[in-house]
Structures are given as C-alpha cells and as structure tokens.
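Heads up: the structure comes next, in structure tokens.
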Amino acid sequence: MLLITEDVKKIAYLARLGIENHDIDSYTKDLSGMLDLMTQMNEQDTQGVQPMAHPLDQIQRLRPDVVTEPDQREHFQAIAPQVEVGLYLVPKVIE
Amino acid sequence: MHANQWEAVIGLEIHTQLATKSKIFSGAPTAYGAEPNTQACAVDLGLPGVLPVLNEDAVHKAVMFGMAIEAEIAHYSVFARKNYFYPDLPKGYQISQMDLPIVGIGHLDIDVDGETKRIGITRAHLEEDAGKSLHENFHGLSGIDLNRAGTPLLEIVSEPDMRSAKEAVAYMRKLHELVRYLGICDGNMQEGSFRCDANVSVRPKGQQAFGTRAEIKNINSFKFVEKAINHEIERQIELIESGGNVVQETRLYDSVKDETRSMRSKEEANDYRYFPDPDLLPVKIDDAFKAQIKAALPELPDAKKQRFKTDYQLDNENAAILTSSRALADYFETVVKTSGGETKLCANWITGDLSAALNKAGLDITESPVSSAQLAGLLARISDSTISGKIAKQIFEALWQHPDSSADNIIEAKGLKQITDTGAIEAIIDKIIADNPGQVEQYRSGKDKVFGFFVGQVMKEMQGKANPAEVNKMLITKLKA
Amino acid sequence: MHNKTIKEMAHGLRSGEFSSVELTQHFLARIKQYQHLNAYITVTEDLALQAAEAADKRIAGTDASVLTGIPIAQKDIFCTLGVKTSCGSKMLDNFIAPYNATVVEKLNQAGAVMLGKLNMDEFAMGSSNENSYYGVVKNPWNTNAVPGGSSGGSAAAVAAGLAVCATGTDTGGSIRQPAAFCGITGLKPTYGRVSRYGMVAYASSLDQGGPMARSAEDTAILLQAMAGFDEKDSTSVDHPVPDYIAELNTPLTGLKIGLPTEFFGEGLSHNIAVDLDNAMNEYRRLGAEIIDISMPTLKLAIPAYYVIASAECSSNLSRFDGVRYGYRCENPADLTDLYTRSRGEGFGKEVKRRILMGTYTLSAGYYDAYYLKAQKIRRLISDDFKNALSKVDVIMSPVTPTNAFGIDEKTVDPIQMYLEDIYTIAINLAGLPAISIPAGLSADKEGAPAMPVGLQIIGNYFTEARLLNIAHGYQQVSNWHQRIPNGFE
C-alpha cells in the first residue's frame, strides 16, 4: 500500500473533498492501486527529455486590450445558490 | 532592547494593478467603483467551460516595466496555476507565474539621506487579481464581489536588500513614481492599485544568515509601511531577546492600534500545487516586440531629473519636485518653451503659486484649471515687463476662475498694464515728493526706512501698475537730489 | 426515416418529402419509445420543434447548409444556453448554462436541430457510462452491456437511431471507444482543431470535442461544422479548415498503413484480431500496403495519461464549490463545510478518486516524480508517433481489447477500467487525430452475443480529411457501418 488513510485525509482536505469515514479505506485502497500503476513510469529512463505540456508547439496568442463584455449580472446570478444586493453570499470569511 | 546590535532585513512584494482597459484574461472592464459583479463576465466568474485569453497590453506594460528596471525579459514566459480555495477566487486557482516569469532580475536605485543605494529586484510576474469579500450587513455571511477578479497584476519582488523602514519607504516611493511615469499603473493606493507586502526579519549585526521572516500584508499607504515595519522590527527583537523565536507567518497591520497581528493560522500549510496552466500557451517575446516597446518607453524619472538640472539650471530640490510626476514635468517644460521665460521664474511659479492653489483645491496637475498655455502667457508678460509680479498674482487668480480666458484678456479688461512710461512715473514721483516734504527731510537726514513710504505712495497712486524697478531707480535719483 | 444518411435527409427536406418538423417529431417519438436505453439526460422538445420550424423556413429560402434541419444531439458536457448542462453529475444537476459553447453556437448557426443533451460518464471520467449520476446507458446491441464511455449516451443514441449524429468529447478514448462498442463512426480531431470554449474541462491538454455518426461521410459533415479557429480558446489552432467532403473519394492506392506489433499481441480478444485482419485484407484490396511497425513507448501511455489527466482535472474541478452555481449543500456550518460537503455530496466516486489522485501528484514533493515524469513520457510517446508517421501514412489498431463488457462487470476495481483505454489513450497524449469505424460484428466468447468491433485509424496532425477518406473508402466496400441493432430498425 503506497498510501495510508492519514495521507488520504490530508489530500481530501487540500482538495476540500468530503469523504465519509466509512469510505476512507476503500479510497485509500483505490488510490494506492492508482499510484502503483503510475510508478510503472519509472521503468522508463527520461534523462534529458523535455517535458511536454501541450501536444502542439504553439505559442500564446495575444488579445487586443478592448472591453468586449457587457454587464450580465442578472443573467449570471439567476443560477446562483445565494445572492443579495448583487453579492454572492457565503459563510463568513474569517481573516 | 539593544536595537543597535540588530540589523533588520526587509524585502517588499508589491502588487501593481496594470492600467489596462480590460482584464488580463477576459474582455470585461477593469474600471474602479462599479456596482458589485457588474464587471465579472463568464470567464471572470469561472463558469464551467470558460477559457482565458491573454491581454496584449498587460504583456506590453510588464515588458515596459522590465526595461525600465534594466531587467532580463524572458524569451518564453509561462503561466502557472496557484491552487487554493477561497471565495474571492472563483476558479479555485489563481493564474500566476512560477518558473519563467516575464521579467527577471533588475534593480532600482533609491536615495536615502543623500546616499544612493541600489535595491535588487528578483523578478516581476503577471497574474490575475482576486475578487473582494465584504463582511458587514449580511447576517453572519460574507458577500463576494468579483468585479476585481481578473484585473491584471504585476507582482514585483525585491531582493531582501533593505535595512530599514526608511529604505523600504524610499524604495516603495521610487517604484510608485516609476509605474506612474510609465503609465502602467495609476498608483492609487486607496483604490488598491498599488499594494505592498513586507517581509521582515532581524539578525544580529554581522551575521550572514538571515533570521526567520514574517510577512506583513496589505499595507496601503507610505506612512503605514514605515510604521508597520518599524513595529515589526521591534516586535521581533523583543521576542528574540526575551528568549522566543520568530515564527514564519503572515501578519496584518492594524493602523488604529499601530501593531501587527497574526493572520489565520498558517499551519494549514498552503500547498499551492503549482503547475503550468494547460489552457494557456507559453508567451513568446521576441526582439521585434522588445524593440517596439523600448522605442515607446518614456524618459524615466532619474534621467528627466538630471536633464532638468542641466538644461534648466535647476537645483536638486526643484528638479525633484518638478519631475515627481510626468504630468508636472511636461507642464513645466511646456510653460518654459511657450513663455520664452526664465526657467527660474517658471519653476518658482509652478512649485509656488500653482502648487499651492492645486493643493488647496485638492486637484492634481492634470486637473489644473490654469493650463500650461495660460500660465505661459502670464509669465511671458512678467518677463517682458508688461506687468509686475504682484499684479501677476491677481491675474493668476482671475485665470483660475475663468479657465477660458487668457492673461492678455485680463490685462486688457482690467487695464493692468504696468506703467513703464518714465514721464508718467516722474510726474507722480514729483507730486509725491512735493506733497510730503517732511518725509523727504527725514530721508535726506539718513532715515533710509522712509524710502519704503515713498515706494508705497507711488504704487498706491499708480494702482500698483508701476514698474517697481523704474520707480526705485527714479525715486533714489530724485530724493538724493 | 431515421436510417437515412445526412445527405439523403437533406435531399428529402429540399424535395419536400418531409419537413424538418416531421423529421424532428419522428426522432422525438423514437427517443420516448426507447428511453430505457437512458441515452438522454434532457430532451429539448419545444426548442427542437422551434429550431425545426426555423430550419424549414431556411431550406425554403436560400440560406440553408447540409446540416440545416437535421436532428442532432449534444453530449451534456457542452454548455447550451438556457438548457440544463449537467456533465452527468449531481454537481450540475441544477445548472442551466448561461451561454453557448462555441461548438453549440456553430451547429445552431448551421441550422442543426438539437433534440437534447446526452448522457455521459460524470465530467467525462469513465469508459463505460456507468459513472453517471443519471444512471448507466444501455448498449442498443445488448442492453446488458455498456455502450462505452464517456460519450456513451452519444454513441448509443446514434446507433439506436435516436439522433442522426451527435457530438462527443475524447480525452483518452471517450469518442472512439463508445463508437466501437456501439458500431458507429467517431472521430477525435487533432488537439486544437475544435474549440474547447464552453466544453466543460476535464483534462485541458487532452480534451477534444468531435463528431459521432453512422458513417464517415456523416462524420465529415458534422466535423465540417464543428471545426475551426476560436479566438476565445487560446489552445485553438488557426489552421484553415479543408473541405472534408471533397476528399472522401480519393482512391487509396499506395496508402501505407502501419500496424504496431505491440498492439496485436496478448490482451486482445481473438474475435477482434480476426475482424481486424479481415479489414486489413480489405485495405490491401483497395491498394494499401500494410507494414509492421514498433512503438515501444506505448505501454507507458496509461500511467502517464492518468497522472496528467488527474492533475489537470483536480484543478479544473476546483471551481465547483457551491458559491456561484451548481450544487450547494444544506446549511453549511462554515466555509470549509460549504466546500467539503458541496463537493463531497456533489461529485461521484470516480471523480473524487481522480481529484484526490491529481491533488496528490501535484503536491509538494511529488511533482517531479509524477507530473513532470509523465510530461517527459508524453514527449517520448509523441516522438514515437512522429517517427512512425514519417514512415507510414497512417497507423491502424484495435480500439478496444474486448467487446463491450457487461454492466457492473468492471466496476469493482478502477484499474481494470483504466486498462480498457490501452489502444486509444496514447493518441490524446500526442494530440493526434484518430477515427474509429465499425469493422465487424462478432462474439468474443462462447455463447456471447455478436457485438460491434471497431478499427482505429490514426493520422498525422490536421489530417482529418485523409482519415475520413480512408474510413469512407472502407465503408464503400463493406457494410458494417450500416448494420442496425435488433429492435431498433
């Protein structure tokens, strides 16, 4: 087993993913299996190989500095869970 | 506390909002002060399926900055995702830069107590700003406004080269002036366009190794920077001297209590899991692009100040004041050129009367009701003796009230032309002398102060329009006779 | 009516044989009739009929294209303005998209009639459509078998005649594999050929939207409307879109086909090997030359893919937090609770596994060993393909190791499911285009029903026209693509 349940709890918190206590073990097992699969990569020597982030050799296109988006607040907030006076509401943010 | 056994080490991270019209990755507007969430488009809201496209002007401005601090500009620059959860961060990650920032190592020279010191700049990178949270009036909840989300930021990281709060403030001011000069940032600290975080640590004098540093966040005025840093230095020294250890943490400066306090506990270690953003491609900055930007670079503050000292024979103080903003410097130069007047006269009027009036009205030079053309017109009339300096002040006030008028119009309308006709002056002087035999006697018997009385009388008689030099000359001659 | 090709339908619409409204009503009725397949998540009946009416007007005028009035369906991963866009997830069960994906916009402008949104594996993660919040999709060829995934709904709908053609997305095989399992044609374009704007992201550097239809010709027509540069997508390529129909009938003499020996060994069902062998003979008869090639890095594709895909998805899915849209848990106690419960309750198991995996491999200390290593392997795989494609025109391979497996057969161990992607996954790492076409109908075990078998054709960058031509050539001399599952005639 490459991972233990403590690891999984930490990762779950980093990802803000709620996992039921009774599921932790099965996630741990699954994730360990996935990691196992991934360590197969070590069979291959990659000394001096350039990592490839994108499949094609493209460079970033630049957009002219022009305002193109109108105010669509009502439209976008129609699907929001909780909105008041145009603000998205969430449990208090503690600084 | 044994302050002189300790040395403070300070580095500043300054976030400047770039003055682009639209956001760094979307076409929403960046203007300040709009109603909440009226400037947050689909991309800014992080709706499912949206994608970022890079604003050309943000790159432009970043490269301009890099050139102004003589830094290396990356050939290829990469955007990375900084992953963390916070309600003002809609995507759950901030698009920023990690390896391969757009601007590399550069420097900025500062003046402290007459000495010049070079402060290293480690890097400057582009990133998107987050939104804002409002905490009052929502019955225990916080309200999130995402208008600011996506505004382009240039994060400028200095080397830990500063050794005092004073140096830190000097650096901050210099940077503030530079970004405004370049026109890349409006420097408005109240509106959050220019934000400073300070990294502060202390070490025993002579020690090479750095002490543990604390980060002080969100200081939004020069005054507070100095106070916050000084307070933090004291706090750390006291802590260590009493046997404690400085903890690496983030602290907020409370300007009311004049103290720093620890922020949300950093033990929930923020592992940002940086990786190159797959929705964006590497930005290529080639020589042609750089040449274009270099050609468009304005004259920088230091160079301008030097030139003003040489070309206009200004002293250091006046040169510094007149070059403190590009707008002011341009105003000055226009006045000099247009009025054909003596540079000292122009400098005095601008740093004196004009500045005082602007300050009183709370206006910036760019909002001056008296244009450079109008002031030039006024100063030209002083130079050619049409009016005296005193009368000029009257005219200046009139111009301030009537922005569409001119010095000449007012001189004409109010008949303020200085009288230089020696015949006319002589006639009046003769009259005053004849009418005041007692004072003439006093003057001739050695009471020099009485001369002022005669000047006053002549001026009064001539409604202040006499050329003072002529009056003086003639009075002396006549009285001595 | 539903078994006509797009060209035949277009002709029928213009000749007055039927109207788009009638055609649409026909498909809507079939969707109801066969709803046990569970191919659709949302049927947009009113919108479809409105669009059909508008299409009929266009056809009567001069402003119609070949797709005008043709009933299609969209995989539920494409944002459709005013219409629920769920991505097969509880997280977006209440999400009415406030904008159109570029692909949707283009198809709307072409006058295609959208029948509804198709079922899929949650957030495109899966190879069987068993990961959907809305339940599994049944394979019309055998309703006890999976249709494949993640574009399972798309494949099943097209195979069963519940849409003329459909959009799908492919990150590791999600168009090609369900196309193979359901006996239809599906094409994954070159990365950057089709805009990703409005296509909810799973793995940004691997995802591509593409067409799924009953034939290479129909696939070409749909691709024609979908492809093209989009300034809203930085990864979209500004490459001219050729006429995909014009080249369909180019003769295949002299075509060099490479067969990677690594793909035809152990692990491949015997029936598939036989069917593909027959297909190769067919190609020989068409004038092609078959050459054995070796691609040694392909075996690393699965681990590299899962590292990259899970890393990218772990970040892409962070936006689902219950704040601005989507599922929000009841009565969150505080901010952390809002996040952890909204996400914990909103996402299904496979999605959570991949988010956790991605979070782990990107976390401090592991980046080099996993993510960076995977990107290096990606480079090696891509070079391997480039090298092979310099010696041959196209590479052919199986699409799947077995026939469509039974529902619940592979749900116990996620790794089992990942190994299903063995033939398709490397292509996404390289960003190459590939098409899957039906090449047989056979059983993979004693007593099992005969099921469709797919053939994969992989080409060089931006050679979709050639791939479609090669597929079409085969479809002129075979009729696997014209077979209809029992009961769906």
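In what follows, chains carry the letters A, B, and so on, assigned in the order in which the sequence lines appear, proteins first and then strands, with residues in each chain numbered from 1. Worth knowing before you read on, the calculation uses all heavy atoms, side chains too, and leaves out hydrogens, waters and symmetry mates.
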| note | Looking only at A/Leu37, A/Ile19, A/Leu56, A/Leu35, most heavy-atom pairs under 4.5 Å shared with chain C are made by A/Leu35
| Residue among A/Val83, A/Leu17, A/Val90, A/Leu89 with most heavy-atom pairs under 4.5 Å to chain C | A/Leu17
| message | Quick check on the interface: out of C/Leu317, C/Ile302, C/Val323, C/Leu300, who has the most heavy-atom pairs with chain A under 4.5 Å? | response | C/Val323
| request: Could you check which of C/Ile96, C/Leu206, C/Leu380, C/Leu372 has the highest count of heavy-atom pairs closer than 4.5 Å to chain A? | output: C/Leu380
Residue [X] versus chain A: region with a heavy atom under 4.5 Å:
X: C/Leu335; value: both
X: C/Leu81; value: side chain
X: C/Ala304; value: both
X: C/Ala369; value: backbone

| C/Leu432 side, atom CG; C/Ile381 side, atom CD1 - distance, nearest 0.5 Å | 11.0 Å
| note | d(C/Leu389 CG, C/Ile458 CD1) to nearest 0.5 Å is 8.0 Å
| Taking every non-hydrogen atom, the tightest pair across C/Gly210 and C/Pro189 | CA-CD, 3.9 Å
| task | Measure across C/Ala301 and C/Leu429 and return the closest heavy-atom pair with its distance rounded to 0.1 Å. | result | O-CD1, 3.7 Å
Donor-acceptor pairs under 3.5 Å, chain A to chain C, main chain and side chains both?
residue	atom	partner	partner atom	Å
A/Ala15	O	C/Arg343	NE	3.1
A/Ala15	O	C/Arg343	NH2	3.0
A/Arg16	O	C/Arg343	NE	3.2
A/Gly18	N	C/Thr340	O	2.9
A/Gly18	O	C/Lys352	NZ	3.2
A/Ser26	OG	C/Lys349	NZ	3.4
A/Asp30	OD2	C/Arg353	NH1	2.7
A/Gln44	O	C/Lys373	NZ	2.8
A/Thr46	OG1	C/Lys373	NZ	3.1
A/Gln50	O	C/Arg379	NE	2.9
A/Pro51	O	C/Arg379	NH2	3.2
A/Met52	N	C/Gln375	O	3.0
A/Gln58	NE2	C/Thr235	O	3.3
A/Gln60	NE2	C/Ser234	OG	2.9
A/Arg61	NH1	C/Glu231	O	3.2
A/Arg61	NH2	C/Asp233	O	2.9
A/His75	NE2	C/Pro98	O	2.8
A/Gln82	OE1	C/Arg328	NH1	2.9
A/Leu89	O	C/Arg328	NH2	2.7

| Side chains of C/Val200 and C/Phe320 in contact at under 4.5 Å (non-hydrogen atoms) | yes
